[in-house]
There are 2 protein chains.
Amino acid sequence: MRRDVFQAIADPTRRAIILLIAFQSMTPNAIAEHFDTSRQAVSKHLRILTECNLVKQEQSGREIYYQLNGTKMKEVDKWLEQFRKIWEGRFNELDNILSNLKNKKK
Amino acid sequence: MRRDVFQAIADPTRRAIILLIAFQSMTPNAIAEHFDTSRQAVSKHLRILTECNLVKQEQSGREIYYQLNGTKMKEVDKWLEQFRKIWEGRFNELDNILSNLKNKKK
DNA sequence: AATTTGCGAAACCGAATGATTGCGCTTATA
DNA sequence: TATAAGCGCAATCATTCGGTTTCGCAAATT
């Protein structure tokens with residue numbers, strides 16, 4: 001069973017849950033109310049999110065509050081960092097320079 | 001068939017392919033040499049990456065060079081942006097302040 | 001002209017995924 | 001104390017996923 005952040009955020013419902021509890025921890029029931037699936041389905045998502053440390057839980061009586069572990073999200077950002085140079089246009093600029101040189105040659 | 005960036009980068013092989021062609025476009029055969037899977041399997045991955053616009057192709061005779069579309073990666077970054085505040089520690093600092101207040105009360 | 005090379009598409013297969021349903025446990029409420 | 005509420009877990013099921021194998025086609029090579 002693969003359990004990494006990338007697989008966790010692949011599911012749209014899971015991304016919605018992450019967003020939902022990002023700034024306020026919530027119980028499974030409260031989360032489930034925001035979607036048209038069962039509480040058990042949400043519970044399963046929360047288990048996956050917990051298993052890859054994207055989410056922490058805090059028990060309070062019979063209720064369990066789930067909270068986002070923001071730090072873990074950094075992993076995705078770290079991976080993305082490798083490509084940031086590309087989309088920030090530096091490589092496009094390089095392309096332009098090369099094209100210009102080509103054109104001058106003609 | 002869901003075809004979005006998040007689902008595309010969920011697979012580790014696909015992430016490796018993305019990294020591989022990020023700075024130099026490559027043919028399916030050349031890519032396949034870097035993994036222990038068949039060219040056809042790589043082709044399937046490239047199809048998925050193409051379908052969600054993460055990858056562009058350029059034909060040259062019978063060879064097809066695949067190239068990363070860096071811009072598309074921005075979508076992930078954009079989604080991540082929502083959480084950046086959290087892991088950058090501002091919320092953790094808030095937590096610390098609250099804990100300190102609690103301790104002082106005791 | 002015959003053969004090899006590079007490629008995508010289709011058929012197939014076992015494993016994983018996401019959802020539902022039924023269950024049992026613990027905690028709160030009547 | 002009996003009942004209800006909140007939760008996780010296990011079984012089940014249809015669907016998707018990632019891989020291989022086989023095939024056909026166009027472009028190179030001989």
Side-chain angles (χ1 to χ4, degrees), chain A residues 1-21 24-69 72 76 79, chain B residues 1-21 24-69 72 76 79:
Chain A
M1 219 183 310
R2 193 159 55 81
R3 253 332 86 100
D4 61 76
V5 186
F6 293 97
Q7 183 257 352
I9 65 170
D11 183 78
T13 305
R14 233 132 50 202
R15 287 201 300 280
I17 291 177
I18 287 174
L19 197 55
L20 202 55
I21 64 172
Q24 185 183 19
S25 61
M26 293 178 78
T27 66
N29 263 324
I31 295 170
E33 282 174 11
H34 287 77
F35 307 95
D36 56 346
T37 65
S38 62
R39 174 191 57 80
Q40 284 89 337
V42 171
S43 233
K44 267 181 133 184
H45 284 306
L46 288 171
R47 195 161 71 87
I48 290 170
L49 293 172
T50 304
E51 279 173 1
C52 68
N53 282 310
L54 261 173
V55 147
K56 295 175 289 185
Q57 26 185 313
E58 195 179 345
Q59 190 115 17
S60 163
R62 67 181 165 184
E63 294 181 328
I64 302 177
Y65 286 88
Y66 286 86
Q67 186 188 6
L68 183 64
N69 175 16
K72 190 67 179 178
V76 183
W79 182 76
Chain B
M1 221 183 309
R2 193 161 52 84
R3 260 319 94 98
D4 61 76
V5 185
F6 292 98
Q7 184 256 349
I9 65 170
D11 182 77
T13 305
R14 233 132 49 202
R15 287 200 301 279
I17 291 177
I18 287 174
L19 198 55
L20 201 56
I21 64 172
Q24 184 182 21
S25 62
M26 292 177 79
T27 66
N29 264 323
I31 295 170
E33 282 174 12
H34 288 78
F35 306 96
D36 55 347
T37 64
S38 64
R39 173 190 59 79
Q40 284 89 338
V42 171
S43 232
K44 267 180 134 184
H45 284 306
L46 287 170
R47 194 162 71 87
I48 290 169
L49 292 172
T50 303
E51 278 172 4
C52 68
N53 281 310
L54 262 173
V55 147
K56 296 175 288 184
Q57 26 185 314
E58 194 180 344
Q59 189 117 16
S60 164
R62 67 180 166 184
E63 295 181 326
I64 302 178
Y65 286 87
Y66 286 87
Q67 186 189 6
L68 183 65
N69 176 16
K72 190 66 179 179
V76 183
W79 182 76

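When reading the values below, keep in mind they use all heavy atoms of this one structure, side chains included, and skip hydrogens, waters and symmetry mates. All figures in this text were calculated on a predicted structure; none of them were measured in a lab. Chain naming here is simple, since letters A, B, ... match the order of the sequence lines and numbering starts at 1 in each.
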| Pairwise 5' ranking along DNA chain C for B/Glu63 and B/Arg47, keeping only the more 5' one |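 Nearer the 5' end of the strand: B/Glu63.
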
| note | Comparing B/Gln57 with A/Ile48, nearest DNA chain C nucleotide closer to 5' gives the residue B/Gln57

| task | Would you please confirm or rule out a distance under 4.0 Å between OP1 or OP2 of C/dC7 and any side-chain N or O of B/Ser43? | result | no

| Does B/Asn29 have a side-chain nitrogen or oxygen under 4.0 Å from the phosphate oxygens OP1 or OP2 of C/dT5? | no

Separation of [N] [atom2] from [X] [atom1] (nearest whole Å):
X	N	atom1	atom2	result
B/Tyr65	D/dA27	OH	C1'	13 Å
A/Phe6	D/dG18	CZ	P	15 Å
A/Leu46	C/dA19	CG	C1'	15 Å
A/Met26	D/dC7	CE	C1'	16 Å

| said: Quick check on the helix from C/dA1-D/dT30 to C/dA30-D/dT1: what's the angle between its two end axes, five base pairs per end, to the nearest 10°? | reply: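 Result, rounded to 10 degrees: 10°.
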
Of all residues at least two apart in sequence or in a different chain, which pass the side chain to side chain contact (heavy atoms under 4.5 Å, CB included) check with [X]?
X	value
A/Thr27	A/Asn29, A/Ala30, A/Glu63, A/Tyr65
B/Leu20	B/Met26, B/Ile31, B/His34, B/Phe35
A/Arg15	A/Ile9, A/Pro12, B/Asp4, B/Phe6, B/Trp79

For the atom pair [atom1] ([X]) and [atom2] ([Y]), what is the distance rounded to the nearest 0.5 Å?
X	Y	atom1	atom2	answer
A/Gln67	A/Glu58	CD	CD	7.0 Å
B/Ile21	B/Lys56	CD1	NZ	10.0 Å
B/Ile48	B/Asp11	CD1	CG	7.5 Å

| said: Heavy atoms only, 4.0 Å cut-off, all strands: where does A/Gln7 land among base, sugar-phosphate and nothing? | reply: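 Sugar-phosphate contact only.
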
| What does nucleotides 24-30 of chain C look like as a protein-contact string, B for base, S for sugar-phosphate only, - for none, at under 4.0 angstrom between heavy atoms? | ---BS--

| message | Can you build the contact string for nucleotides 19-25 of chain D? Use B for base contact, S for sugar-phosphate-only contact, and - for no protein heavy atom under 4.0 Å. | response | BBBB---

Scan the side chains in residues 37-47 of chain A for donor-acceptor partners under 3.5 Å anywhere in the protein, sequence neighbours excluded, and list what turns up.
residue : atom : partner : partner atom : Å
A/Ser38 : OG   : A/Ala41 : N            : 3.2
A/His45 : ND1  : A/Arg14 : NH1          : 3.1
A/Arg47 : NH1  : A/Glu51 : OE2          : 3.0

| request: Sequence neighbours left out, what pairs pass salt bridge (charged side-chain N to carboxylate O under 4.0 Å, His left out) with at least one residue falling in residues 27-38 of chain A? | output: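 Every pair satisfying salt bridge (charged side-chain N to carboxylate O under 4.0 Å, His left out) with a residue in residues 27-38 of chain A: there are none.
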
| task | Answer yes or no: are there more than 12 heavy-atom neighbours, outside A/Gln24 itself, under 6.0 Å from its atom CD? | result |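 Open.
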
